[in-house]
Amino acid sequence: MKILLDRGKCTGLGICESLSPDVFEVDDDGALVLSTDVVPDGRLAEIRAAVTSCPTEALRLTED
């Protein structure tokens, strides 16, 4: 499963970062950076929580 980021929607609030800091990081410019676009093994629930917590719906999960 992959993580899709719509940079046009992302406002860099960092909720996803707080839930999964090793996958999502808001850089010094306020832009979200993904350390990977593939959901790490065994962490689907954690990543799904980060995605669904995004208030601007900038993140989505999709099948490969």
Side-chain angles (χ1 to χ4, degrees):
M1 186 159 280
K2 288 191 157 192
I3 306 164
L4 298 178
L5 168 61
D6 183 337
R7 295 190 185 282
K9 290 183 176 180
C10 182
T11 59
L13 292 174
I15 296 170
C16 56
E17 181 182 39
S18 69
L19 295 170
S20 188
D22 63 327
V23 174
F24 305 97
E25 181 181 358
V26 178
D27 69 13
D28 292 340
D29 295 325
L32 181 62
V33 178
L34 301 178
S35 65
T36 179
D37 65 348
V38 177
V39 175
D41 289 340
R43 298 184 51 198
L44 180 57
E46 174 190 331
I47 300 301
R48 188 181 307 275
V51 167
T52 59
S53 296
C54 178
T56 62
E57 299 180 352
L59 295 169
R60 289 188 303 128
L61 292 175
T62 185
E63 296 294 328
D64 295 334

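Worth knowing before you read on, the calculation uses all heavy atoms, side chains too, and leaves out hydrogens, waters and symmetry mates. All residue numbers in this chain count up from 1 along the given sequence.
- How far CG of D22 is from CD of E17: 10.5 Å, rounded to the nearest 0.5 Å.
- Atom CD1 of residue I47 and atom CG of residue L59 lie 9.5 Å apart, to the nearest 0.5 angstrom.
- Hydrophobic clustering keeps V26 apart from L4 (ILVMFWY residues linked when any side-chain heavy atoms are closer than 4.5 Å, directly or through intermediates).
- With rounding to the nearest 0.5 angstrom, the OG atom of S53 is 11.5 Å from the CG atom of L13.
- Hydrophobic clustering keeps V39 apart from V33 (ILVMFWY residues linked when any side-chain heavy atoms are closer than 4.5 Å, directly or through intermediates).
- Nearest heavy atoms, V23 versus P40: CG2-CG, 4.2 Å.
- More than 12 heavy atoms of other residues, nucleotides or ligands lie within 6.0 Å of CD in E46, so this atom counts as buried by the packing criterion.
- In this structure, SG on C16 lies 10.5 Å from CD on E25, to the nearest 0.5 angstrom.
- Cluster annotation: M1 and L5 are assigned to the same hydrophobic cluster (Ile/Leu/Val/Met/Phe/Trp/Tyr, side-chain heavy-atom contacts under 4.5 Å, transitive).
- Within the 4.5 Å cutoff, the side chain of I3 has heavy atoms near those of the L61 side chain.
- L19 and V51 are assigned to two separate hydrophobic clusters, defined by single-linkage of ILVMFWY side chains at heavy-atom distances under 4.5 Å.
- Taking CG of L32 as the reference point, atom CD1 of I15 lies at 11.5 Å (rounded to 0.5 Å).
- Judged by distance alone, the side chain of T52 and the main-chain N or O of A49 form a donor-acceptor pair under 3.5 Å.
- A distance-only check finds a donor-acceptor pair linking the side chain of D27 to the backbone of D29 [under 3.5 Å].
- Within a 6.0 Å sphere centred on CZ of R60, heavy atoms belonging to other residues, nucleotides or ligands number 12 at most.
- To the nearest 0.5 angstrom, T36 atom OG1 is 8.5 Å from K2 atom NZ.
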